[in-house]
2 protein chains.
Amino acid sequence: MTDVTEGKIWANSGDSHIIEPPDLFSSLPADVKELLPRSVKDPGGAFETIYIDGQEFRREVPQPTPGTPKKKGLGINARPVDSTEDDFLRRALGGNDAAHRLRDLDDEGIWAEVIYPSLGIWTFNIRTPKVVRHGVRALNEFALDFQRSSSRFVCAASIPLLDVDDAVAEIRRASADGFAAGFLPTRPPLGRPIWNDEEWDPMWAAFAETGMVIAFHIGTEPHDPTERTGVHYRGRGGAVLNYVETTYGGQRAVTQLIAAGALDRHPELRVLVSEGGATWGPFIADRMDEGYRQHSAAVRPVLSRPPSEYLFDQVYASFQHDGSAVAAHVAMGWRNVLWGSDYPHFEGTFGHTQKTLHELFDGVDPVASERIRIGAFHELFPHVPLPPAAGRNR
Amino acid sequence: MTDVTEGKIWANSGDSHIIEPPDLFSSLPADVKELLPRSVKDPGGAFETIYIDGQEFRREVPQPTPGTPKKKGLGINARPVDSTEDDFLRRALGGNDAAHRLRDLDDEGIWAEVIYPSLGIWTFNIRTPKVVRHGVRALNEFALDFQRSSSRFVCAASIPLLDVDDAVAEIRRASADGFAAGFLPTRPPLGRPIWNDEEWDPMWAAFAETGMVIAFHIGTEPHDPTERTGVHYRGRGGAVLNYVETTYGGQRAVTQLIAAGALDRHPELRVLVSEGGATWGPFIADRMDEGYRQHSAAVRPVLSRPPSEYLFDQVYASFQHDGSAVAAHVAMGWRNVLWGSDYPHFEGTFGHTQKTLHELFDGVDPVASERIRIGAFHELFPHVPLPPAAGRNR
């Protein structure tokens with residue numbers, strides 16, 4: 001690891017990603033392989049088509065923000081061999097190589113990470129249980145292998161969701177293999193009931209029994225291929241409207257788990273919501289309580305405690321740049337606010353992590369700062385070592 | 001007004017209601033009248049059917065919460081003549097009579113109010129421009145008459161939204177008649193584009209030109225009669241899930257206005273979001289800024305300032321019970337947090353307003369407390385007199 005320079009702040013990230021290699025599914029049986037997600041980019045690189053289980057999803061490839069600071073000392077001409085300019089513009093290239101990734105993380109001041117799959121998001125669009133079982137296995141073997149390369153990596157296991165028995169089996173297997181978190185989309189696959197339904201109860205029980213953290217990443221709602229992928233709004237302000245919209249899915253998933261009593265029945269369950277901000281936590285807590293109290297004649301099930309308490313105790317959420325998230329911890333008393341980098345996506349803090357951390361935490365009470373940067377993450381994943389002492393307690 | 005007793009706190013309400021008399025539309029032409037909303041209750045009172053412009057909406061009538069404190073000294077057997085037990089259980093009966101209403105408000109410690117129409121919510125489901133023009137006129141004449149009965153009443157004018165020219169004409173007329181606020185649903189009538197569309201620009205200009213406050217009330221999204229009214233979720237936790245869901249519409253409406261540049265082009269515009277809570281304000285401000293900055297390559301239009309600044313300066317929001325809303329003002333710096341009673345609905349604070357105000361504001365810095373209870377409202381409606389000095393500065 002690089003030297004901890006004066007003024008450096010370390011933070012764990014509750015929101016990071018790995019991008020699977022294109023040949024991930026190559027050794028699977030042909031009838032399965034052909035239905036698993038694969039991306040084919042247009043020659044220009046501005047669009048890609050993702051093929052999944054007989055469906056085609058066409059989407060605009062996210063473009064880098066002009067003026068975004070690029071990685072220090074790695075100019076546009078330093079593009080590594082085998083990378084396309086396109087790849088290079090859109091993400092930190094070290095992402096998929098453990099040694100490079102750790103160098104990036106050290107430079108940025110990111111210590112440990114919850115790492116989500118990328119292709120794994122698309123598995124929620126698969127419609128054939130056998131295919132999703134095989135695909136998830138391949139994804140998890142790859143993620144597990146990557147996780148083994150550093151104690152700072154906490155990879156989230158993909159879960160097959162077309163059949164709850166498959167989900168339970170994979171959670172148990174993933175836990176036995178060494179996963180500490182399981183990745184869920186904010187809405188189940190199309191055709192399956194949402195998270196408040198009884199159907200999912202064995203899955204919550206499996207998470208509770210294994211101690212694996214339920215890790216929701218926002219923006220993962222499965223959708224029909226007839227929709228333009230991820231786009232709800234067009235016209236003026238569409239980019240901002242679509243970005244804001246993504247947070248609601250995480251809030252809804254948490255509300256479903258709490259209102260349906262899953263966190264009441266399993267007080268040991270821990271839920272993380274990544275990339276959706278964190279300030280919403282105390283607000284949704286208050287709002288659930290108001291609905292629960294004011295509409296109590298219609299409320300089922302009755303919970304042992306007010307809904308807010310499950311959110312405050314068992315739910316965690318990660319944010320990137322939001323100053324209000326620090327205040328949600330300091331002034332609203334939500335202990336479970338985590339910082340997140342979104343590495344290696346350029347939409348995250350890559351290239352300006354230290355600047356962001358200083359803007360967020362300089363002048364903040366050191367105990368609160370450490371809780372958000374390190375402690376809340378460490379509470380979820382106590383097996384992960386702590387960052388170097390210097391830069392930890394600021 | 002009753003004596004201001006020791007310990008009484010006054011607060012203005014950014015969220016109150018009036019319920020129109022059943023004969024409101026009786027003097028209108030027959031061809032118009034038959035298409036305007038009318039409610040027919042089932043004999044049992046648990047359900048009602050609302051008939052509008054050839055559509056039928058069936059809905060469950062909100063039921064009182066068992067154990068909700070009823071109005072002091074007015075037991076269940078004191079039901080006024082001409083009221084049904086049903087009416088009595090669901091709302092304060094003084095609501096529609098100015099003298100009774102002021103007595104209720106004095107008892108509760110509610111000073112001035114933004115008062116929304118009730119039937120007015122249903123006008124957003126009308127599909128015939130002529131019908132909505134007539135209906136809105138009748139609603140506004142009734143509301144204006146009610147508003148004239150006390151300087152503490154700020155009634156929100158209904159606006160016909162099927163034709164933007166009709167909307168502009170009604171805004172100008174309403175302003176000339178003495179309305180200081182215009183009521184908009186969080187989503188325009190079905191078939192009309194959402195609030196970020198160019199179509200609405202003349203309406204924002206009319207609000208700006210007249211100085212009328214744009215008053216969004218949550219839970220007012222028009223919907224198709226094939227949906228069960230206001231119900232998104234069924235099954236476990238449905239009541240809480242549906243209640244939480246209502247807040248997102250207000251957040252979306254504000255995001256649409258800001259991202260489309262309406263508040264940029266009209267710095268004098270003021271927007272109130274009622275009953276959706278307030279803690280979301282600083283969060284959505286941060287999230288809009290993150291989307292605007294990180295996706296800047298796709299952002300149109302470019303705004304003069306970061307999106308957060310429009311929200312902090314020009315948007316106001318009312319909450320009822322949320323402790324976090326006070327912290328959104330005190331710790332996140334949003335000056336425009338307002339309290340609201342939801343009077344005369346039993347879902348609001350009626351019957352326990354003083355208890356709620358004490359829980360929220362005892363121990364809070366007096367300047368912050370007065371800003372939330374009185375000042376923010378007074379900034380929007382400076383023509384409204386201030387409450388009695390005692391109980392104002394706590």
Side-chain angles (χ1 to χ4, degrees), chain A residues 62-67 193-194 196-198 233 235-245 247-248 251-252 255-256 258-261 277 279-280 282-301 307 319-325 327 330-332 347-348, chain B residues 62-67 193-194 196-198 233 235-245 247-248 251-252 255-256 258-261 277 279-280 282-301 307 319-325 327 330-332 347-348:
Chain A
Q63 296 302 319
T65 302
I194 61 168
N196 68 331
D197 197 87
E198 283 81 353
Y233 297 102
R236 294 193 304 193
V240 173
L241 287 163
N242 285 316
Y243 188 78
V244 168
E245 189 72 27
T247 183
Y248 301 134
Q251 301 178 35
R252 287 191 182 105
T255 308
Q256 288 161 27
I258 293 172
T279 320
W280 56 265
F283 172 58
I284 294 297
D286 271 342
R287 193 140 190 99
M288 286 191 299
D289 279 1
E290 192 168 66
Y292 187 83
R293 192 176 55 240
Q294 303 289 103
H295 291 246
S296 67
V299 165
R300 310 274 183 287
F319 72 101
Q320 296 92 249
H321 300 96
D322 300 358
S324 62
V330 174
M332 295 178 181
E347 292 166 309
Chain B
Q63 295 301 320
T65 302
I194 60 168
N196 68 332
D197 196 87
E198 285 80 354
Y233 297 102
R236 293 194 303 191
V240 173
L241 286 162
N242 285 317
Y243 187 79
V244 169
E245 188 71 28
T247 183
Y248 301 134
Q251 301 178 35
R252 287 192 182 104
T255 308
Q256 288 163 26
I258 292 173
T279 320
W280 56 265
F283 173 59
I284 294 296
D286 272 343
R287 193 140 190 101
M288 285 192 299
D289 279 1
E290 193 168 66
Y292 187 83
R293 192 176 54 241
Q294 304 290 101
H295 291 244
S296 67
V299 164
R300 311 273 183 287
F319 72 100
Q320 294 93 251
H321 300 95
D322 300 357
S324 63
V330 174
M332 296 178 179
E347 292 166 308

Quiz item: Can you name the nearest heavy-atom pair linking A298(A) to A239(B), along with the distance?
Solution: O-CB, 3.7 Å
Exercise. Return the option, out of A327(B), A260(B), A325(B), P282(B), with the maximum number of heavy-atom pairs under 4.5 Å with chain A.
Key: A260(B)
Exercise. Return the set of residues passing ring-ring contact (aromatic ring centres under 6.0 Å, His included) with Y243(B) (not counting sequence neighbours), or none when no residue passes.
Key: H295(A)
Practice problem: Check whether I194(B) gets within reach of chain A through its side chain, its backbone, both or neither, counting any heavy atom under 4.5 Å. | Solution: side chain
Quiz item: Among G261(A), G291(A), A285(A), who wins on heavy-atom pairs under 4.5 Å with chain B?
Solution: G291(A)
Quiz item: Under 3.5 Å, is there a donor-acceptor pair between the side chain of R236(A) and the main chain of N196(B)?
Solution: yes
Self-check item: Options I258(A), T279(A), V330(A), V299(A), ranked by heavy-atom pairs under 4.5 Å with chain B, top entry
Solution: T279(A)
Self-check item: chain B contact via D197(A) - side chain, backbone, both or neither, heavy atoms under 4.5 Å
Solution: backbone
Self-check item: From CA spacing to verdict: side-chain contact (heavy atoms from CB on, under 4.5 Å), R287(B), T247(A)
Solution: CA-CA 9 Å; R287(B) 193 140 190 101; T247(A) 183; 3.5 Å; yes
Exercise. Using the test side chain to side chain donor-acceptor pair (under 3.5 Å), find all partners of Y233(B) that sit at least two apart in sequence or belong to another chain.
Key: R252(A), E245(B)
Exercise. Could you tell me which non-hydrogen atom of I284(B) sits nearest to which non-hydrogen atom of Y248(A), and how far apart they are?
Key: CD1-OH, 3.9 Å
Quiz item: Quick check: does any side chain N or O of E290(A) sit under 3.5 Å from a backbone N or O of D322(B), one acting as donor and the other as acceptor?
Solution: no
Practice problem: Provide the closest heavy-atom pair for F283(B) versus G277(A) in the form atom of the first, atom of the second, distance. | Solution: CE1-CA, 3.8 Å
Quiz item: Heavy-atom distance under 4.5 Å to chain A: side chain of R300(B), backbone, both or neither?
Solution: backbone
Self-check item: Whether Q294(B) side chain and G348(A) backbone form a donor-acceptor pair below 3.5 Å
Solution: yes
Practice problem: Give a yes or no on whether the backbone of G323(B) and the side-chain of D286(A) come within a donor-acceptor separation of less than 3.5 Å. | Solution: yes
Practice problem: For each of S324(A), P193(A), A331(A), tally heavy-atom pairs with chain B at distances under 4.5 Å, and name the one with the top tally. | Solution: S324(A)
